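Every value quoted in this text rests on a predicted model; they were computed, and no experiment measured them. In the text below, chain A, chain B and the rest are named by the order of the sequence lines, each starting its count at 1.
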Number of protein chains: 2
Amino acid sequence: MRRDIFQAIADPTRRGIVALIALQAMTPNAIAENFNTTRQAVSKHLRILTECELVKQEYQGREIYYSLEIEKMKEIDKWLDQYRKIWENRFNQLDQVLSTLKKQTTK
Amino acid sequence: MRRDIFQAIADPTRRGIVALIALQAMTPNAIAENFNTTRQAVSKHLRILTECELVKQEYQGREIYYSLEIEKMKEIDKWLDQYRKIWENRFNQLDQVLSTLKKQTTK
DNA sequence: TATTTGCGAAACCGAAAAGTTGCATATATA
DNA sequence: TATATATGCAACTTTTCGGTTTCGCAAATA
């Protein structure tokens, strides 16, 4: 199926689920209450999120609690890093321009 | 069409394009050379990237140079922020545990 | 034990995505 | 001016996606 984390967070409902279970584990039924879809649809999303290890399960009787695998989120952060370098560089360049400008005006 | 940046970066080819034009502007033909698809397919991806303002165009004669709109990338960073708080929190908690442990062992 | 509840999986459906081929158009170049 | 080149766009096809409905199974409960 070739799931990756970028595809996982592409869907707005899945981002909603991720946000929901970020702070506390929840069952599929409880999660589904927050969206305008069926529990089965949520279950499908949870499967995708589980497949790419963005979410972990905890069995408790017949209930399954889902929670966010926060470590996996760092993968996006890591990917962003290359671009962060670029925008910080540009900021520094702007900073230099500004400081040069300041020196000139205070002279 | 409801394009958003998360959908835009979901496709691996588009992430490739983004990486490619991050540092220097390129024409569709030049970009297409780097992927195993037709120029038209790349053109379609560029259209999607342009639609969600992740990429900007610069016309130069009959050529069009595409480059990354780095500011837009910050949107992902902003979204990540809520989760960054969580993982930093956990790290701090671990840090406290470790320093407590250290105090005890050095006593 | 019989029934309800929580869940995943499979089958199906319509819409969207990603790719290809075939254009049309504008700009270089011979 | 005739031709080659760079590009976008439209039509079409195949695949994927997100959703619903239906089902089966295991655990709780009456």
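- With respect to the salt-bridge test (charged N to carboxylate O, under 4.0 angstrom), the residues B/K78 and B/D81 do not qualify.
- Side-chain N/O atoms of A/R3 include one lying less than 4.0 angstrom from OP1 or OP2 on D/dC17.
- For the OP1/OP2 pair of D/dT5 and a distance below 4.0 Å, the side-chain nitrogens and oxygens of B/N29 include no atom meeting the criterion.
- With hydrogens and angles left out, the side-chain atoms of A/Y66 and A/Q57 include a donor and acceptor closer than 3.5 Å.
- Taking only side-chain nitrogens and oxygens, B/H45 comes nearer than 4.0 Å to OP1 or OP2 of C/dG19.
- A close approach under 4.0 Å does occur between a side-chain nitrogen or oxygen of A/S43 and OP1 or OP2 of C/dG8.
- If you take CZ of B/R14 and C1' of C/dG19, they are 12 Å apart, rounded to a whole angstrom.
- No more than 12 heavy atoms of other residues, nucleotides or ligands shown are found within 6.0 angstrom of CG on B/N36.
- Between A/D4 atom CG and D/dC17 atom P there is a gap of 10 Å when expressed in whole angstrom units.
- The separation between A/E51 atom CD and D/dG18 atom P is 12 Å, rounded to whole Å.
- With B/S43 contributing its side chain and B/R39 its backbone, the two residues share no donor-acceptor pair below 3.5 Å.
- With hydrogens and angles ignored, no donor-acceptor pair under 3.5 angstrom links the side chain of A/K44 to the base of C/dG8.
- With rounding to whole Å, B/F35 atom CZ is found 14 Å from C/dA18 atom C1'.
- The separation between B/E63 atom CD and D/dT5 atom P is 13 Å, rounded to whole Å.
- C/dG8 atom P lies 9 Å from atom CD1 of A/I31, rounded to whole Å.
- Residue A/T27 is the one, among A/T27 and B/D11, whose nearest nucleotide of DNA chain C lies closer to the 5' end (criterion: closest heavy atom).
- In terms of modelled atom types and a separation under 3.5 Å, the side chain of A/R15 and the main chain of A/I9 share a donor-acceptor contact.
- Following rounding to the nearest Å, A/Q60 (CD) and C/dT5 (P) show an atom-to-atom distance of 20 Å.
- The pair A/E71-A/K74 meets the salt-bridge criterion, with a side-chain N (NZ, NE, NH1 or NH2) lying under 4.0 Å from an Asp/Glu carboxylate O.
- Along DNA chain D, the nucleotide nearest A/I48 and the nucleotide nearest B/Y66 are compared for position; the residue whose nucleotide lies closer to the 5' end is B/Y66.
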- Could you run through nucleotides 21-27 of chain D and give me one letter per nucleotide, 5' to 3': B if any protein heavy atom sits under 4.0 Å from the base, S if only the sugar-phosphate is that close, - if neither? BB----B
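- B/E69 has no carboxylate O lying under 4.0 Å from a charged side-chain N of B/K72, or vice versa, which leaves the two without a salt bridge.
- Put simply, OH on B/Y59 is 7 Å from P on D/dG8, counting in whole angstrom units.
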